[in-house]
Number of protein chains: 2
Amino acid sequence: MTTLKELAKLLNLSVSTVSKALNDSHEISAQTKKRVHELATKLNYKPNRIAQQLKSNKTKTIGVVLPTVTNPFFAEVLHGIETEATKKDYDILVCLSDEHLEKEERSLELLSNGSVDGFIIAVARESQVKSETQHLEKVLNNDLPIVLFDRVVDAIICDKVVVDDFLSVYEATKYLIDKEQRQAILLISNIEELSVGKLRVKGYKAAVDEAGQPSYILNLGQSTDVEKEVFTYLNNNPSIDAVVSIDHITGIVAINMAKKLKREIPKSLSVIGFGYDHTQMLSSPKISIIHQKAHAIGEMAMKTIISNLTLENHKVETSIVPSELKLSESTKKA
Amino acid sequence: MTTLKELAKLLNLSVSTVSKALNDSHEISAQTKKRVHELATKLNYKPNRIAQQLKSNKTKTIGVVLPTVTNPFFAEVLHGIETEATKKDYDILVCLSDEHLEKEERSLELLSNGSVDGFIIAVARESQVKSETQHLEKVLNNDLPIVLFDRVVDAIICDKVVVDDFLSVYEATKYLIDKEQRQAILLISNIEELSVGKLRVKGYKAAVDEAGQPSYILNLGQSTDVEKEVFTYLNNNPSIDAVVSIDHITGIVAINMAKKLKREIPKSLSVIGFGYDHTQMLSSPKISIIHQKAHAIGEMAMKTIISNLTLENHKVETSIVPSELKLSESTKKA
DNA sequence: TTGTATGCGTTATCAT
DNA sequence: ATGATAACGCATACAA
């Protein structure tokens, strides 16, 4: 790597003159600026990023800690984060907690040594279940700002970006009740212990309560044989005439199992799931989804952390990114 | 952030003594070591990573440039990369090219300024189609090593990690011919222009040629209405008795469309697709897949780049990570 | 207009 | 056993 020193030597100039010339300082003559620039491009000079970081005490790098990236929701959020980061000339250091508290703690610990200017985090399942917050507090005490998204921790005071979990499921359920006259709506959940899961269940309950309907909940926990459980439930409860799934898998599973049971979709059973862009192609009939704007969530998280880092008057805020009910073939036409 | 200087001041010691104490140098008395360590832990001292990087001229950071991360294959590879990086105490800077040459060039350019010690790259679709290699050459000329994986560029001499694309599809096709006595096997492709796509098609062709069977190829290109095209083809060609899909979507689509056409799976039509861990749950009957060991590919890529960076006698190599044919419900039992 | 000196935080070499 | 000094590459305040 070419350095200022090398350029200076070759040009018989001082390091600072070269530096100023490259930064287009008005103190330098057009003449030398030209000489400097020419040699610099010729030798493909690029200012050493590490040295700049040390000097400025800013890395322009954000630590991104995700539970997983194989879940398409988090993958799409990461995409949004990266898009916005590129636009604003930031880099991202990515760590995956694999849903484990210990790995999450370790990642935060390791990056809290000047590697990053701040964090974007969705906490691990384990961290959320155990309500562990010390590691996050520690980061904040270290004067590194955090933006939490999706998996949010109420006890921590920092910027947050969340989906309207309650409202989106409430409205989807209400749609099934009001527009499709469904009487026995089953909620399928495999994320009941997460903050977002709880809110989604509440949204469902509010809607059925309001309509005076009983609630039917199939909680799969971390079950391995999801298909069998869904099949069995639908088989044992033929009165179920609609399904709301609050994750991105079980809605499609419900469609497949219902077809196996010769249920007609959407005539005798409507299905609404959570999903993202590719999801709909993978089921037949195409599944209606509550579409989380995952990309927008990522962008918003990045915007927020940069705002915190650069704006003098930044105030802690919680942003809500609305979801969109995308009706397709697994529900009747309104 | 606490610095050595601050510790030194508080302890009435010199900076260098403190530094040595923390690094457990034998020149320092047990007595002062203890004092230093105690204050350090009390003030939560961590050596500034940026300063260490500047001093050592090593970042222990790898730039990872992927076409996308919403494709579950790349997501899983990223997971593998991250796992191995964590194990070896490396960080990863992630950039997404969004399949565009220009963004890929920009990412490499931006990180080639001391930010990383090397790169792991799967080239963008556009780069591969245009056979553009200059940006990669430039990186290598900059003395930054590269590991290419999956989307490989033959003209570039560097470490590579690839799947046995030819062999895996050859064997899957051969399985359908030999064990299931299929006579008219359709290959569905939407990645024909990629290096991996070409190899997979070759594998298919070799197998059908060898058996004296005609080849049937449905090339979807970047078509938007994949479902319709698959439906139409299967409808117009009822003699097709097996499908091999060389991506992770169209196999499931084929199953769904075949069911729509009242074809019995696997009795009258066998389907084998490409896939990863969650894929199988999303179809009914469960799809048989050529399972790319994406996680292993990521781990291998990371191991290779670290080997290049740390071993004196590292030689350029191409590693092949074998795939595994995972038979499920969309093929008959052998 | 150009050059000198200083410091970011760390480590390593060389005194004391 | 401890401390002073220099260096990594860059940017800037201050001289000249």
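Below, all heavy atoms of this structure are taken into account, side chains as well, without hydrogens, waters or symmetry copies. Letters A, B, ... are given to chains in the order of the sequence lines, protein chains preceding strands, and every chain is numbered from 1.
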Please list, in numerical order, the residues of residues 18-43 of chain A that have a heavy atom closer than 4.0 Å to any atom of DNA chain C. A/Lys20, A/Glu27, A/Ile28, A/Ser29, A/Thr32
Is B/Ser29 reaching over with its side chain to a backbone N or O of B/Thr32, donor-acceptor style, under 3.5 angstrom? yes
Positional range of nucleotides in DNA chain C within the contact set of chain A, heavy-atom, under 4.0 Å: C/dT1 to C/dG9
Any idea which heavy atoms bring A/Val152 and A/Gln128 closest together, and the distance? O-NE2, 3.0 Å
Pair up each side-chain donor or acceptor in residues 294-306 of chain B with any protein partner under 3.5 Å, not counting sequence neighbours, and list the distances.
from, atom 1, to, atom 2, distance (Å)
B/His295, NE2, B/Thr83, OG1, 3.3
B/Thr304, OG1, B/Met300, O, 2.6

Search all heavy atoms of A/Glu317 against all heavy atoms of A/Asp159 and return the closest pair with its distance. N-OD1, 2.8 Å
Restricting to non-hydrogen atoms, name the atom on A/Leu66 and the atom on A/Phe74 that form the minimum distance, rounded to 0.1 Å. CD1-O, 4.2 Å
Carboxylate-amine/guanidinium contact A/Lys138 A/Glu109, below 4.0 Å: yes
Measure the shortest side-chain to side-chain distance between B/Thr3 and B/Asn48 over non-hydrogen atoms and say whether it is less than 4.5 angstrom. no
So, the side chain of A/Glu104 versus the backbone of A/Ser97: is there a donor-acceptor pair under 3.5 Å, distance only? no
Return whichever of A/Val15 or B/Thr17 has its heavy-atom-nearest nucleotide of DNA chain D closer to the 5' end. B/Thr17
Looking just at side-chain N and O atoms, do A/Thr59 and A/Asp117 make a donor-acceptor pair shorter than 3.5 Å? yes
Side-chain contact test, heavy atoms from C-beta onward, threshold under 4.5 Å: evaluate it for A/His135 versus A/Ile121 and give yes or no. no
So does A/Lys103 pair up with A/Glu126, basic N to acidic O under 4.0 Å? no
Tell me which residues in residues 45-53 of chain A put a heavy atom below 4.0 Å from DNA chain C, sorted by number, or none. none
If each end axis of the helix from C/dT1-D/dA16 to C/dT16-D/dA1 is fitted on five C1' pair positions, the angle between them, to 10 degrees, is 60°
Do B/Ile191 and B/Arg125 make a side-chain contact, defined as non-hydrogen atoms from C-beta onward lying under 4.5 Å apart? yes
Shortest non-hydrogen contact from A/Ser307 to A/His314? OG-ND1, 2.6 Å
Could you check which residues of residues 1-14 of chain B get a heavy atom under 4.0 Å from DNA chain C? Sort them by number, please. B/Thr3, B/Leu4, B/Lys5
Decide yes or no for B/Val147 and B/Ile62: does some side-chain heavy atom of the first lie under 4.5 Å from some side-chain heavy atom of the second? no
Between B/Lys88 and B/Glu84, does at least one N-O distance fall below 4.0 Å, as a salt bridge requires? yes
Can you measure A/Lys55 atom NZ to D/dC10 atom P for me and round it to whole angstrom units? 12 Å
Starting at CG of A/Asn57 and ending at C1' of D/dA11, how long is that distance when rounded to a whole Å? 14 Å
